[in-house]
Amino acid sequence: MVMLADRFLFTLQDGFILAMAILSAVFLTIAIRVVKHADENAEKHD
């Protein structure tokens with residue numbers, strides 16, 4: 001029973017880590033696009 005619970009928690013942890021990695025990649029992509037867009041706007045106004 002303890003090993004089963006342990007295995008479940010490790011599986012849950014792996015899924016959580018994967019979800020966080022995907023989420024951070026999405027946020028990183030959005031941040032890069034926002035900075036790029038702001039850069040282009042700054043160049044247009046100069």
Side-chain angles (χ1 to χ4, degrees):
M1 183 68 191
V2 174
M3 286 181 71
L4 192 62
D6 199 39
R7 189 122 172 94
F8 174 72
L9 288 174
F10 273 119
T11 306
L12 201 65
Q13 189 179 11
D14 286 347
F16 179 75
I17 290 170
L18 181 64
M20 288 298 113
I22 291 170
L23 200 60
S24 66
V26 168
F27 279 130
L28 185 63
T29 305
I30 291 170
I32 288 170
R33 287 184 179 184
V34 166
V35 169
K36 200 173 183 180
H37 186 71
D39 244 8
E40 288 172 357
N41 280 347
E43 285 178 9
K44 285 179 185 175
H45 291 291
D46 282 343

Matching residue for His37 among Asp39, Asn41, Val35 - test: side-chain contact (heavy atoms from CB on, under 4.5 Å): Asn41
Please write out which residues are connected to Ile32 in a hydrophobic cluster, directly or through intermediates, given that two of Ile, Leu, Val, Met, Phe, Trp, Tyr count as joined at side-chain heavy-atom separations below 4.5 angstrom. Leu28
With rounding to the nearest 0.5 angstrom, report the CE to CZ distance, Met20 to Phe27. 9.0 Å
For the CG atom of Leu12 and the CD1 atom of Ile17, what is their distance to the nearest 0.5 Å? 10.5 Å
Roughly how far apart are Leu23 CG and Leu18 CG, rounded to 0.5 Å? 11.0 Å
